[in-house]
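Below: one structure, written as C-alpha cells.
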Amino acid sequence: MGNSINKTGLRATLALFLPGIFLIGFNIGTGSVTTMAKAGANHGMELLWTVLISCAATFLMINLYGRYTLVTGETALQAFRKHIHPAVGYFFICALGIGVCGSVMGVMGIVAEISYEWSKVFITGGIASIYWAGLFCALAYFVFWRGKTEAFERALAVIVAIMAFSFVLNFFILTPPAEEIARGLVPAVPAMPASSTGSEGGPLLLIASMVGTTIFSGLFIMRTTLVKEAGWSIADAKQQRRDAAFAAIMMFVISAAIMAAAAGSLHAEGITLDRAAQMIGLLEPLAGPLAVAIFAIGIIAAGVSSQIPNLLMIPWLVCDFNGSRRDMTLAKYRILTLAISLLGLVVPLFDARPLLVMIVSQAFNVVLLPVTIACIAYLGNRRDLMGEHRNGPLANIGLLAIFLFSLATGYFGFEGLIQMLSA
C-alpha cells in the first residue's frame with residue numbers, strides 16, 4: 001500500500017516537470033554536446049560565462065512565453081497571427097523548419113559517427129555509420145508514431161535522465177581544477193580567446209553557436225504549446241516558473257559538465273577538437289574505456305532526445321498556426337515526419353562534416369532570436385492581452401539586455417563565418 005502511494009506520488013511529481021524535461025531534451029542535443037565539447041577542448045573553461053548568461057536568458061524567455069499562454073490561453077504562433085501579423089507566423093514556421101532540417105542532418109550524423117567509432121571497440125572495423133543512423137532515425141520515429149504528447153514527454157524523461165547522469169558522471173571523472181571553472185564562470189571581463197590552431201571555425205562562431213543552441217527560439221515557441229497541453233492556467237504561474245527554472249538550471253549543469261570534461265582531458269593535454277568522434281579515440285588513453293563508454297552513451301541519448309522534438313516541431317507549428325487539433329496520428333503528419341526523419345541519413349550517405357553543419361546551424365538560430373524577443377516584448381506589454389500580468393520593469397530590462405546580447409552574438413556569428421570562409 002505504502003509503495004503504491006509512493007509510486008503514485010513520484011509519478012505526480014514527475015508530471016509537474018515533464019514540460020521542463022521536454023525542453024531539456026530538445027535543448028541539449030548533439031549540437032549542444034559538440035559545441036560545448038569543442039569549447040572545452042579548444043579553450044578550456046574560458047567560455048563558461050557564455051553558458052551562464054545564455055541559461056539565465058533562457059529561463060527568462062521560457063517563463064515569459066509560458067506566462068503569456070497561462071494568461072491568454074494562446075500559443076505563440078496563434079498570438080503572432082492574431083495580434084501581430086500572419087507573416088510573422090509564416091516567418092517562424094519557415095525559419096524554424098529550415099533549422100530543424102539542418103539539425104536533423106547534423107544530429108544523426110554526429111550520433112552515427114560516434115556510434116561507429118565506439119563500435120570499433122567491440123567489432124573489428126566497427127558498424128558503418130549509415131546503419132547507426134538508420135537505427136536511431138527508426139527509434140525516434142517509433143516514439144513519434146504513438147502520437148500522444150504524454151508519450152513523447154515520458155520517453156524523453158527516461159532519455160534525458162540517462163543523458164544527464166552520463167555527462168555529470170563524466171564531469172567527476174574528467175573535471176578540471178576548480179579555480180579554472182571559477183575563472184570561466186565569473187571573469188573580470190568576458191573572455192574572448194584567440195583562435196585555436198587547426199580548429200574548424202574560430203571562437204566568434206563558437207560563441208554564436210553556444211548562444212544559438214541554448215537561447216533557441218524554437219524552445220520558447222514550443223514552450224507555449226507544452227503549457228497549453230498541460231492545461232495550466234494563471235493559477236499555475238508558480239509551478240510554471242519552477243518548471244522553467246528547473247529546465248534552465250539543468251541545461252546549465254549538463255552544458256557545463258560537458259565543457260568541463262573536455263577541458264579537464266583534451267584541453268589539459270593541448271588537444272583541440274574538430275570532430276565529435278575524435279572524443280572517442282582521444283579520451284580512451286587519457287581517461288580509459290569507462291569514460292569513453294559514458295560519453296558515448298550520453299551523446300547518443302542527447303541525439304535521440306533532441307530528434308524526437310525535432311520531428312514534432314513542424315507539425316506542431318502548423319497545428320498551432322492553423323488552430324487545429326494536434327493529432328500526430330494523421331497520415332499527413334506521419335508522412336511529413338517520415339520525410340524529416342530520412343534527412344538523418346544525409347550526412348553518413350554523403351560523408352558530410354556533421355560538426356560544421358551543427359555549428360553553422362546553431363549559429364543561424366541567433367538570427368531568429370532578436371525577432372523572438374521583440375515579439376514577446378510587444379505581446380507581454382499589451383494591457384488588453386495581459387492585464388495586470390503585463391511585463392514588469394525587470395522583465396523589460398531583461399528582454400532589452402537579451403536583445404542586445406543577441407545582436408552582439410549575431411555579429412560574432414557573422415564575423416566567425418567570414419573568418420572561416422576566408423581562411
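Worth saying up front: this structure is predicted, and the values here are computed from it rather than measured. One is the number of the first residue; the rest follow in order along the sequence.
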* **L336/K332 under side-chain contact (heavy atoms from CB on, under 4.5 Å): CA gap, chis, key distance, verdict** => CA-CA 6 Å; L336 174 62; K332 61 182 179 180; over 6 Å; no
* To do: Compare all side-chain heavy atoms of M108 with those of L345 and state whether any distance is below 4.5 angstrom.
  => no
* To do: Applying side-chain contact (heavy atoms from CB on, under 4.5 Å), run through W145 and T329 and close with a yes or a no.
  => CA-CA 7 Å; W145 189 268; T329 62; over 6 Å; no
* Asked: Stepwise, does the side-chain contact (heavy atoms from CB on, under 4.5 Å) test hold for F171 with I258?
  -> CA-CA 7 Å; F171 165 78; I258 296 166; over 6 Å; no
* Asked: Using a distance-only test with no angle check, is there a side-chain donor-acceptor pair under 3.5 angstrom linking Q78 and H83?
  -> no
* **For T224, side-chain hydrogen bond (donor to acceptor under 3.5 Å, both in side chains) partners two or more places apart** => none
* Are any of the side-chain heavy atoms of F165 and N170 separated by less than 4.5 Å? -> no
* Asked: Which heavy-atom pair separates M386 from Y68 by the least distance, and what is that distance?
  -> SD-CD1, 3.5 Å
* Asked: Is there a donor-acceptor contact under 3.5 Å linking the side chains of R242 and Q239?
  -> yes
* To do: Over all heavy atoms of both residues, which pair between I24 and V160 is shortest? Give the atoms and the distance, please.
  => CG2-CG1, 3.8 Å
* Any idea how W132 and F136 line up, ring-wise: parallel (<30°), tilted (30 to 60°), or perpendicular (>60°)? -> parallel
* Any chance you could measure I159, atom CD1, to S305, atom OG, to the nearest 0.5 Å? => 6.5 Å
* Asked: Between atom CD1 of I215 and atom CE of M61, what is the distance when rounded to the nearest 0.5 Å?
  -> 8.5 Å
* Provide the closest heavy-atom pair for S166 versus G298 in the form atom of the first, atom of the second, distance. => CB-CA, 3.6 Å
* L394 atom CG, over 12 foreign heavy atoms within 6.0 Å -> no
* Do the ring centers of F92 and F321 come within less than 6.0 Å of each other? -> no
* **SB check R326 D320 (cutoff 4.0 Å)** => yes
* Asked: Is S103 reaching over with its side chain to a backbone N or O of V100, donor-acceptor style, under 3.5 angstrom?
  -> no
* Could you check if a side-chain atom of C375 sits within less than 4.5 angstrom of a side-chain atom of Y65, using non-hydrogen atoms only? => yes
* Value rounded to 0.5 Å, distance of CG in L64 from CG in L399 -> 5.5 Å
* **Pairwise distance CD1(I221) to CG(L368) - rounded to 0.5 angstrom** => 9.0 Å
* To do: State whether the side chain of S119 and the backbone N or O of Y116 hold a donor-acceptor pair below 3.5 Å, judged by distance alone.
  => yes
* Ignoring hydrogens and geometry, is there a side-chain-to-backbone donor-acceptor pair from S255 to F252 under 3.5 Å? -> no
* Given the rule in the side-chain hydrogen bond (donor to acceptor under 3.5 Å, both in side chains) test, do S324 and N322 qualify, once you have shown the distances and angles that lead to the verdict? -> CA-CA 5 Å; S324 57; N322 293 328; 4.9 Å; no
* Asked: Do I294 and F167 have side-chain heavy atoms sitting under 4.5 Å apart?
  -> no
* To do: Decide side-chain contact (heavy atoms from CB on, under 4.5 Å) for H267 and E180; before the verdict, give the C-alpha distance in whole Å, the side-chain angles of both, and the deciding distance to 0.1 Å.
  => CA-CA 12 Å; H267 185 70; E180 184 179 344; 4.2 Å; yes
* To do: Kindly indicate whether the side chain of S341, heavy atoms from C-beta on, has any atom under 4.5 Å from the side chain of L311.
  => yes
* Applying side-chain hydrogen bond (donor to acceptor under 3.5 Å, both in side chains), run through T214 and S54 and close with a yes or a no. => CA-CA 6 Å; T214 306; S54 297; 4.8 Å; no
* Salt-bridged, D243 to R223, with N to O below 4.0 Å? -> yes
* **Close side-chain approach of Y90 and P86, heavy atoms under 4.5 Å** => yes
* Asked: Looking at M45 and A263, what are the two nearest heavy atoms and their distance?
  -> SD-CB, 3.7 Å
* Report yes if the side chains of L135 and L139 come closer than 4.5 Å at any heavy-atom pair, otherwise no. => no
* Working to the nearest 0.5 Å, report the span between CZ of F220 and OG1 of T372. => 7.5 Å
* Asked: How far apart are the closest heavy atoms of A41 and A262, and which atoms are they?
  -> N-CB, 3.6 Å
* Asked: Do the non-hydrogen side-chain atoms of F80 and L379 ever get within less than 4.5 Å of each other?
  -> yes
* Asked: Between N391 and R67, does any side-chain donor sit less than 3.5 Å from a side-chain acceptor?
  -> yes
* Asked: Does the N27 side chain pair with the main chain of L23, one donor and one acceptor, at a distance under 3.5 Å?
  -> no
* Reported CE-to-OG distance for the pair M222 and S217, which is rounded to 0.5 angstrom -> 13.0 Å
* Structure fact -> Taking every heavy atom of I181 against every heavy atom of P176, the minimum-distance pair comes out as CG1-CG, 3.9 Å
